[in-house]
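The next block holds one structure in the form of structure tokens; read it before the comments.
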Amino acid sequence: MSERPLIVQSDLTLLLDVHCPDSDSARSEISPFCELIRSPEHLHTFQLSSISLWNACSAGLDARSITGTLEKWSRFDIPETVTYFINDNCSRYGIISFLPLDGSFFTISFSNDRYRRQVLALKAVQNLIASQDDEIRVPMQHRGDLKVILTDNGFPVDDCIPLVKGLPLDISLRESESFSVRDYQKDSVKAFLGDGRPGLGYGVIVLPCGSGKTITGLAAMSEIKTSTLILAPNVAALHQWKRELLTKTTISEDDIGEYSADRKDIRKVTLCTYSMLVYRNTTDDEYHNFNAIASYPWGFVIYDEVHMLPAPVFRLSASLQSVYRLGLTATLIREDGREKEVFSLVGPKRYDVPWAELERQGFIATAYCHEIRISLSEDAELDYALAPRSRKIVIAAKNKSKLPVIEYLLERHQGQQILIIGQYIDQLEEIQKRFSFPLITGSMSNRRREELYQDFRDGRIQVLIVSKVANYAIDLPDASVAIQVSGTFGSRQEEAQRLGRILRPKSVDSHFYTLVTRHTSEEDFSLNRQKFLIEQGYKYEIVSWD
Amino acid sequence: MNALETHLMTLEANEFLDTASLYLGPVSMPYNKHSLISSLVSFFSQPLVKENLISSITDEESRILSLVSCFQPVRQERLEALYTGAHAKSFTRCVRNLLKRTLLLFDEDHCLNLNSSLDYSAVLNAEVFSQSRKSEKRNVRLKETLKAFASVVNTEHMGASTHSQKRTVRAHQDAFVLLSPEETETLFSSFISACLSCGAMYIEAESVLIDKDRMLSFFSMSVNEIKAVLLAGGKADEQAMHLVALASELRAEEAIRFYRAVYEDADEDKEIYERLIKLDFIMSDDEECSQSDIIIQDDLSIRSTGTSPDSIIFLFSTVALVDRMLTYTISKESVKAAFDCKLSLDEIFSAIGECSGTMRTQLEDWRDQYDRICLYDCICLVTDERNARLIENLPLLQIHIIRKIGQNAFLFRKSTQAQWRRILVYSGFDMLGKTECEKEEESVEENNDETHSTVTSAFLLSQLPEHRQERSLQWKEKLEKAVNEKAGEENRQAYLDLLSSGCLLSPSQIVPGRIFPVARSASGFDYSQKLALIRQAVKDSCSLYEITYASGKVTGTIEELKKGSDDYILTLLTQEGKSIEFSVGLIFRIRQILS
């Protein structure tokens, strides 16, 4: 095969042959203007899109340099459609700019009359504009919404409004022998902040589970040094952030506030869950919590597990458009396809690294994935055959024949820290009854949950049964085996997050077992669930139990 | 008898004598035709004559010869139809001259052919088609695109209706980036239609299914044969092949015009022309499939820059993208479709080559699931225990039994019912009853496997170079020198006329004192003689005339004589196709050029 590593396709995807000697160089040169979407064993796929090109333009690239890079690495001629797409999209950037007016308003500047007419003709835009004579005035709180509308209509915005700095925050990292920021974490922060000019300072960093996203957030905080709101999916995650802040930065406990059901503390660094942020008593009520939090002079918002951003937060986050904002996640996939909204409201993806790459460098544990296929128990066969489609997956998932498999795996990995993860509480309770391990569910109090997590960390408990509350953002560094007994339909994100529970670096390799009832819809869903991880380079070993 | 002899034999007596005297000198009467033919053949086989023949070909003549080379053997009137108006007269005159010079020959059917003893490669070119050439050649990867279509049909269990076809192709439109949506739909529809016609696809239970062997046979054809099959709606016949050859270089409308002009059976099938116009976008594609390494990944994707003609990848996976790189995806549905096509697991593994254990296990698992239930379209024979033992032990029956499904029940092949019935009757089951069935079986016509034809490929226009090679005029200078040296004053002009018309090929033709027919001419000052000659010349479309005036001379055919306000005006059409008008009253000499 030719030595050039890149194949540019007419559907705007780029295939990178990782076996070519120059593939790493090519990757680093194309990453600024396209997104990595899958990275299996031989050909990694990148996607060119309008948004990726506009982001590249906002970082200073132009059509010529982008096309030049492609021509440099491409194995074949660049299709005309691709060249046209790049030129067309890049030419649009810079025509529309947001410029500051005063603290409450900004203006839209057009360098092209035709665009001006087209944009101002949009009803949705007219609804957001305060006045429009010689100078268009737009209230600052509509900045995010307006950007979304313009982007959706093919008009990229060069946002030249400097980000608002909140209250100053004295914070530095406490690097030592046992803790230092890794190169890829530094690179990600650099990609996020750039040189500080308008157009940067907002976006999403995608790093594999267990690779230290929290540290990345802390590193960004230590650069920006301003009042920070940290949003996370659950209280356990908030406590994990607090622990990290106290152990790895110079910030004091007095500067950290928690806004939760138990406490309503707003301080220079405040931790809050998504659900708390958008909570209201009735649908007609105001978002009191949000109003209270949003009124504080924030300079930086961190969205932990940003892929979980619930719908109301999308709308409310629009009003937090003037500040630095960082989304952190391992899996920017939503089965509802709303990742575009994450880009529009939080910011574009600024940094991404293949999981396999970090595994190779030893920053995440080497994990082996196994799918164990088990026949449906005889007594459930007829029920399965007669059940409606939506019920079939439940019957298959709760297959009693999985119990002996669990027993076998527990024996095989005796002495190691094991998580048993499942979707259905009654199934998990049955496992608990059979093996007498502690079970953590959503109905358990936060305090009791934290106690059990700590016992697990300290090794006092070796096996923990967890429901989907433990899918995200809990730090269990020594878990090296995860046995997934059931999952949420075909959720790729859940599969990746569950694998993430055992990816923190440790002395032993990690094993992820997923138990699937063969020849049922669970097998089909399982194939979809595994897609993301396979695309990240993980291989599933399929084993037949019977 | 060789082609030249055949040609000479077909000439009328006067023409033959003219030819003989032109090249051999005066012919004495009575003459022996066979002897003269033999002498003429010798004359034309001289290397110098052959060389001069080729060198004498003008640009216009080379275009005509190029046309003939594409379509020979071809009737003169068919080619004439491609020329209109004044150009048609010029064409006729040129062909007459080329025949006289044996650059063109008539065969037994009075069709035009090139003289196969001459080497025309320096003079043939595609300029005759230059106005009609396709300005843009597209490579749509036709074969790979059609394989991709087949993969979609195989996986989707597409219905037979047009609506279902449209829905199916639209759902996969994103995979076909080399075509517009309209082109994809058009090509898809033509492909399905052709495959149904030739048996590569068939309809069963209202779904379109693939016959694996016929489909592979379809893709074993060359790209041009496949285009012909698409054009002809299922068969690659000669007509379709010729149209494909023309359309590979010419715009569809021009290709049809040329074809209808040249071929006698052209008017019979108008549907083929409509299809050609619709499918014009694939006609310049000439990429044959070439295999490259296949890249298989655990995300069940298969990628390659090209597949071999016998590749079966499209039978067990579904297209994701046809571009410089082909991308297919393996899925449960596509593998099931492969098994339905009677593709075995071993064949799939063989096509994939090296793959991970995970993929191997997954495919084996799907096969296992597929084999859980077996459906047979056959006849179930149920009997008692005693007769079951008998049936099990009759040797001649065994090849007709698919399997035993119970203690006393067997599945027998439907297709060989007549044979095993005879065996059973012969073995003592003479009260063997009629097969019970729900409805009458319909007799299934065997599809004639006429996917292939034995038609030889038509001449491809792309074999003609774009431009004529430049030739030296040395041959002319040498012969002109010979004329000046050998010919007398009285017939020097006549020899020079023969030289300019290409009929003087060898110094041996220059015979002093030779008598030539008198060429008509009129001097510049004799108005009435000029007018009379011009009137005759207008009716004579085959002769060339030379007009000499004060500042020069010009040669061409006299097209028209009309009355102006003060004088008669003659219109001369030059050999370059330019029209020039002269007032007859002007001082110029006009003379007929001998040819």
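Proteins come first, then strands; the chains are lettered A, B, ... in the order of their sequence lines, and each starts at number 1. All values derive from a computational prediction rather than experimental measurement.
For A:Gln9, the parts lying near chain B are the backbone and the side chain together; criterion is any non-hydrogen pair under 4.5 Å. Contact of A:Lys531 with chain B is not made at all, since no heavy-atom distance falls under 4.5 Å. Heavy atoms of B:Thr327 lying under 4.5 Å from chain A belong exclusively to its side chain. Contacts between A:Asp524 and chain B at a heavy-atom distance below 4.5 Å involve the side chain alone, from C-beta outward. Residue contact with chain B, scored on non-hydrogen atoms closer than 4.5 Å, involves the side chain of A:Leu527 exclusively. Only the side chain of A:Thr45 has a heavy atom closer than 4.5 Å to any heavy atom of chain B. Residue A:Val543 does not touch chain B at all, counting heavy-atom pairs closer than 4.5 Å. Proximity to chain B (any heavy atom under 4.5 Å) is shown, for A:Ile542, by both the backbone and the side chain. Heavy atoms of B:Arg360 lying under 4.5 Å from chain A are absent altogether. Looking at A:Glu523, only its side chain comes within 4.5 Å of chain B, counting heavy atoms on both sides.
Put simply, CG on A:Leu43 and CZ on B:Arg303 are 5.5 Å apart, with the number rounded to the nearest 0.5 Å. Between the CG atom of A:Leu533 and the CG atom of B:Asp298 there is a distance of 12.0 Å, given to the nearest 0.5 Å. For the atom pair B:Thr305 OG1 and A:Arg75 CZ, the distance stands at 8.5 Å (nearest 0.5 Å). Distance check: B:Asp299 CG to A:Arg38 CZ gives 6.5 Å after rounding to the nearest 0.5 Å.
Side-chain atoms of B:Asp323 come within 3.5 Å of backbone atoms of A:Ser10 as a donor-acceptor pair (strictly under, hydrogens ignored).
The ring pair (Phe, Tyr, Trp, His ring centres under 6.0 Å) check on B:Phe149 picks up B:Phe176, B:Phe188, with sequence neighbours excluded. Partners of A:Arg27 by salt bridge (Lys or Arg N to Asp or Glu O under 4.0 Å), not counting sequence neighbours: none found.
A:Glu541 CD: more than 12 foreign heavy atoms inside a 6.0 Å radius. The neighbour count for A:Tyr368 OH, taken as heavy atoms of other residues, nucleotides or ligands under 6.0 Å away, does not exceed 12. Atom NZ of B:Lys278 is surrounded by 12 or fewer heavy atoms from other residues, nucleotides or ligands within 6.0 Å.
Within residues 509-520 of chain A, the residues having any heavy atom closer than 4.5 Å to a heavy atom of chain B are A:Arg518, A:His519, listed by residue number. By a heavy-atom distance cut of under 4.5 Å, not one residue of residues 338-353 of chain B is near chain A.
Inter-residue side-chain proximity for B:Thr358 and A:Glu371 is flagged as unmet; no heavy-atom pair is nearer than 4.5 Å.
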